[in-house]
Amino acid sequence: MTVKSSFAPSLALALAGLATPFVPVGSAEAQTLRVASTSIRDTLSVAMNRAVVVDSDTPFVELSIANPGIADISTLSDRSIYVLGKAPGRTTLTILGANGELIANVEVQVTPDVAEFRERLRQILPSENIEVRTANDGIVMSGVVTSAARMDAALQLAERYAPGRVSNLMSVGGSQQVMLQVRFSEVQRTAAQNLAASLAVGGGGNVLGSGGFSTAAAATAALGGSVSPTGADRQGVLSGGFTIGSVQFQVMLEALESNGLARTLSEPSLTALSGQEAHFLAGGEIPVPVVGSSGSVSIDYRPFGVELTFTPVVGNDSQINLTMDASVSSLDASNGVSTGGVTVPAFRRRQTSTTVELHDGESFAIAGLLQDDFQGNIDQVPWLGDLPVLGALFRSTNYQRSQSELMIFVTAHLVTPTRSDALILPTDRIRPPSERELFLNGRITGASGGAGEVARQDFRGGYGYVME
């Protein structure tokens, strides 16, 4: 027994998995099964929630479906069968004749409605080249999309038509690796001025002092000729003594002015794949003793220096979404803590955490800090320090000012790997010296190298990656 089609175009469409929407019987799609000899078995494809009409040249008296949950059937006449797809899967339709003979065994395959899915996909993502196929009871998607975000959108749409049965064979085209260049720029300026006067007066066994000679012991020592500056720095100190009658005087003037400037510049570069986290640390780790609950002491290492952690996501039109943490930390011995005979320094830390969006080659200033600290202090003897001119001998003035400015700039680039022979390393410019150059000429580098040549070179370039 074989299967033949009396309405070839309709049968071809059905076997290709293309079914018409649910329509009245008169306009439904028809397929004809013709009995030639013995039993017959063929495959009928029906889209889920859609129906087809199958016509047979041989009248039948009995129909049965193996799994009514997958497909539902009803008779329109003794030669027409109405088949409705209910759920993805395969089942068997059995057709029997008047004497119980087997007319046909038809395998009914219900597939997701990919025709509607293709239409919605073209409406939502018109510029993407995505191919959609059915496989058993699921959907297979293949092709090349322009970004990971559009791939996720296509997969979310497919899940609505075949929940949990979507196979993703799509790939993301274009550059999906992001190189992040971060510039940490910090300037610290300090200025301090100190003008102090110390006076010791003694006579008749009584002493009086101010400033650095404010105590009786210090005033007595100063009158005896033992004069020492009050500050740690001994520069700018002038002292002298004189006697009027039985009254002895000792005067010490201290003047100090200091200016400091510190400049910090760090430019780390780090590359990561779209959606993956990357971490960078240029600095070190310091051991810190930690006392446990039982009293035991363990060592914990705390990092310091320039730290950078970021996660890039390449979106539509090469737009880069960056979630990043950046920090600059240094040791601060002035605020350290001593415990158990061990001094642990404190940390000065400037940190920022943010999320920004930018395109290839664009830059952002993600953090800026301008700090200005001022401190002034005047110590004087009551009433005497307010006297004109002479009051300066009973007064000490201290002035300190500290300014710091920190800026963090971020530049993102889409990059692709390069050939190894195109890489340039800083060590390629330094050649070890020969024995003659080392012992006879006193050179620590070869004739073609040297610090002067290295200083003239530009170390910036595509080390490992090439920017597009």
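Owing to the predicted nature of the structure, the values given are computational and were not obtained by experimental measurement.
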Closest heavy-atom contact between [X] and [Y]?
{"X": "Tyr301", "Y": "Glu285", "value": "CB-OE1, 3.7 Å"}
{"X": "Thr411", "Y": "Gly361", "value": "CG2-O, 3.9 Å"}
{"X": "Ala272", "Y": "Gln276", "value": "CB-O, 3.8 Å"}

Counting distance only, does the side-chain N/O of [X] pair as donor-acceptor with the main-chain N or O of [Y] below 3.5 Å?
{"X": "Arg349", "Y": "Ser327", "answer": "no"}
{"X": "Asn67", "Y": "Thr91", "answer": "no"}
{"X": "Arg183", "Y": "Gln181", "answer": "no"}

State, with a plain yes or no, whether a side-chain heavy atom of [X] is found less than 4.5 Å away from one of [Y].
{"X": "Glu116", "Y": "Tyr161", "value": "yes"}
{"X": "Met48", "Y": "Pro88", "value": "yes"}
{"X": "Ile286", "Y": "Pro345", "value": "yes"}
{"X": "Pro268", "Y": "Phe184", "value": "yes"}

Looking only at side chains, do [X] and [Y] share a donor and an acceptor under 3.5 Å apart?
{"X": "Gln250", "Y": "Gln248", "value": "no"}
{"X": "Ser127", "Y": "Arg150", "value": "yes"}
{"X": "Gln375", "Y": "Asp373", "value": "no"}

Less than 3.5 Å apart, which donor and acceptor atoms pair up between the side chains of residues 162-171 and the rest of the protein, not counting sequence neighbours?
from, atom 1, to, atom 2, distance (Å)
Arg165, NE, Asp137, O, 2.7
Arg165, NH1, Pro163, O, 3.4
Asn168, OD1, Met170, N, 2.9

| With Arg401, the side chain to side chain donor-acceptor pair (under 3.5 Å) member among Asn259, Thr190, Asp372 | Asp372
